[in-house]
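Along the sequence shown, the residues carry numbers beginning at 1.
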Amino acid sequence: QASSNFGVYENVYRRWVLNEDGFFTVPPYSHGPAYDLTALFDMGDVEPQPLEFESNLTLRDDGSPYKPIVEMSINNGTDWSLFPAATDILDGRAGVYLNPTTLPAPFLTAAKAGAARVRVTATLGSPIPLDLERWHGNAITGTLPPLVLDVSDVFMFKRVDETSIHHAGIASGTLQAEESDGTIQMHRWLVDRMARHHKTTPADGLATLELAGTWTMLRPGDRLMNVRGPGVAADGWPQPMSSRGAVVRSIEGRFANDGKRGRTTTVRLAF
C-alpha cells in the first residue's frame, strides 16, 4: 500500500464490471469493448450507458426473487461455484465488489494466472421503455406533434435471457420466474383509449373521403388536418377546415373487379 500507484490498482481482482458504458475500455483498465446492450435487449438503438444489477426475475419457493448471484471460476469459466465470501453489488453501474480482507487462495492464484472469472446472475433494466406508436396526423400532408403517454407502471416486459443459469430450469418448469409481456395489453389499451376519445369528440358534420389505392396506415381515431393530392376526392369536406381537423370514423377498402377503377379506400370523417 506504499506504492504511489496503489489508488489505481487497489481494486485489481476485486471489482468486476460488465463495462456496459465503456468506462473501463480505456487505460489503465483496458477492459475491452463495451458490453453489447443492443444484443442483450434485442433493440437496435441502445447506447452504451451505466446500468445497475437488480434482483433476479427467478423466484424462490416462497415467491421472493433471488438476489444477484455471484459465482467464480478458476479455470477460465469451465466450472463455476458460488463465491465463498461476502460481495457487494455496485451502485451506479453493473458490477460487483469482492470484499473479503483476503481473497480465496485458489481464486487469487487463478487470477494471477489469468484464469479467474466472475459471473453475476441478475436483472438489468432496459433504458429504453416498451413502446407502441399509432400514426398521428395526416398521411397526405404531414403529421401532428406526437402525443406521448407514459404507462410504464402498468405495462411491462420482463424475460429471462437464454444465457441465464436459470433459463433451462424455467423452460422445464422446475423454476418459476416473474416474466411478463404487456405488449398486447398495451396495444389494446391504446386502441380503447383512442376509441373513447373518438366518441367524446364533438362532431358538427360528416365527410366522405375517396382515396385511390389501399391506405392501410389509416385507422379509426386518426385525425386528419387537411386533404389534398392526386387521386383524392372529398365529399362534404368543409372549407376552410377547422383547426382541430377531422377524425376518421370508419374505413372501407374496395377491390374492383372490372379492371378499370382499381383499388380504392373510402374514409368516413367526423368534424
Side-chain angles (χ1 to χ4, degrees), residues 5-58 65-83 85-100 103 107-108 110-133 148 150 152 156-168 170 177-183:
N5 291 329
F6 179 75
V8 175
Y9 300 106
E10 62 178 324
N11 292 315
V12 171
Y13 307 145
R14 291 184 177 273
R15 182 165 59 184
W16 295 76
V17 297
L18 189 62
N19 193 31
E20 71 282 9
D21 59 350
F23 180 85
F24 294 94
T25 295
V26 300
Y29 308 105
S30 302
H31 187 71
Y35 189 81
D36 188 359
L37 295 177
T38 293
L40 177 66
F41 292 116
D42 195 22
M43 296 180 176
D45 51 359
V46 185
E47 298 294 333
Q49 57 191 286
L51 301 175
E52 290 187 358
F53 285 137
E54 302 172 4
S55 294
N56 284 275
L57 298 180
T58 310
Y66 280 97
K67 298 296 183 182
I69 299 171
V70 181
E71 297 173 285
M72 73 173 190
S73 171
I74 59 175
N75 54 9
N76 292 297
T78 300
D79 301 297
W80 294 92
S81 61
L82 289 175
F83 190 76
T87 61
D88 291 327
I89 300 299
L90 300 181
D91 293 328
R93 69 170 51 259
V96 61
Y97 187 82
L98 312 180
N99 61 10
L103 292 172
F107 177 81
L108 187 58
K112 292 178 179 179
R117 301 288 185 272
V118 169
R119 181 171 69 182
V120 181
T121 302
T123 297
L124 283 178
S126 172
I128 299 180
L130 181 66
D131 179 71
L132 283 178
E133 181 177 337
V148 179
D150 184 357
S152 55
M156 300 181 184
F157 178 81
K158 303 177 181 179
R159 67 173 174 84
V160 176
D161 191 75
E162 61 182 10
T163 60
S164 170
I165 61 174
H166 296 148
H167 185 265
I170 293 170
E178 192 181 7
E179 293 185 295
S180 63
D181 184 353
T183 308

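- No donor-acceptor distance shorter than 3.5 angstrom exists from the side chain of E20 to the backbone of L37, with no hydrogens or angles considered.
- Taking each heavy atom of A86 and N99 in turn, the nearest pair found is O-OD1, 2.6 Å.
- Put simply, NZ on K67 and CD on E54 are 11.0 Å apart, with the number rounded to the nearest 0.5 Å.
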message = Test side-chain contact (heavy atoms from CB on, under 4.5 Å) on V118 and F83; report intermediate values, then the result.
response = CA-CA 9 Å; V118 169; F83 190 76; 5.8 Å; no

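- Here the CH2 atom belonging to W80 is positioned 9.0 Å from the OG1 atom belonging to T121, to the nearest 0.5 angstrom.
- A donor-acceptor contact shorter than 3.5 Å links the side chain of T123 to the backbone of S55.
- R15 meets the side-chain contact (heavy atoms from CB on, under 4.5 Å) test with N11, V17, F24, Y29, L90, Y97; sequence neighbours excluded.
- With sequence neighbours excluded, no residue forms a salt bridge (charged side-chain N to carboxylate O under 4.0 Å, His left out) with R14.
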inquiry  = Show, in sequence, the C-alpha distance, side-chain angles and deciding distance for K112 and Y13, and conclude whether the side-chain contact (heavy atoms from CB on, under 4.5 Å) test is met.
reply    = CA-CA 9 Å; K112 292 178 179 179; Y13 307 145; 3.9 Å; yes

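- Put simply, the side chain of S126 reaches to within 4.5 Å of the side chain of M43, judged on heavy atoms.
- To the nearest 0.5 angstrom, L103 atom CG is 10.0 Å from M72 atom CE.
- Here the side chain of T25 pairs a donor or acceptor atom with the backbone of G32 at under 3.5 angstrom.
- With contacts defined as side-chain heavy-atom distances shorter than 4.5 Å, the pair F107/S81 does not qualify.
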request  = Assess whether side-chain contact (heavy atoms from CB on, under 4.5 Å) is satisfied between L40 and Y35, documenting all intermediate values.
outcome  = CA-CA 9 Å; L40 177 66; Y35 189 81; 4.1 Å; yes

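- Within the structure, the salt bridge (Lys or Arg N to Asp or Glu O under 4.0 Å) test picks out no pair touching residues 39-49 (sequence neighbours left out).
- Residues F53 and V120 meet the side-chain proximity criterion, which asks for heavy atoms closer than 4.5 Å.
- In terms of modelled atom types and a separation under 3.5 Å, the side chain of D181 and the main chain of F157 share no donor-acceptor contact.
- Interatomic distance, CD1 of I128 versus CD of Q49, reported as 7.5 Å (0.5 Å rounding).
- Here the side chain of E52 pairs a donor or acceptor atom with the backbone of G92 at under 3.5 angstrom.
- The shortest distance between side-chain heavy atoms of I170 and L57 does not fall below 4.5 Å.
- For the residue pair V26 and F23, the shortest heavy atom distance occurs at CG2-O, 3.8 Å.
- N76 and T78 share no side-chain donor-acceptor pair at under 3.5 Å.
- Taken from CG in N19 to NE2 in H31, the straight-line distance is 5.0 Å, to the nearest 0.5 Å.
- Rounding to the nearest 0.5 Å gives a distance of 10.0 Å between CG of D161 and CG of L124.
- Of the possible donor and acceptor atoms, one in the side chain of S73 sits under 3.5 Å from a partner among the backbone N and O of D79.
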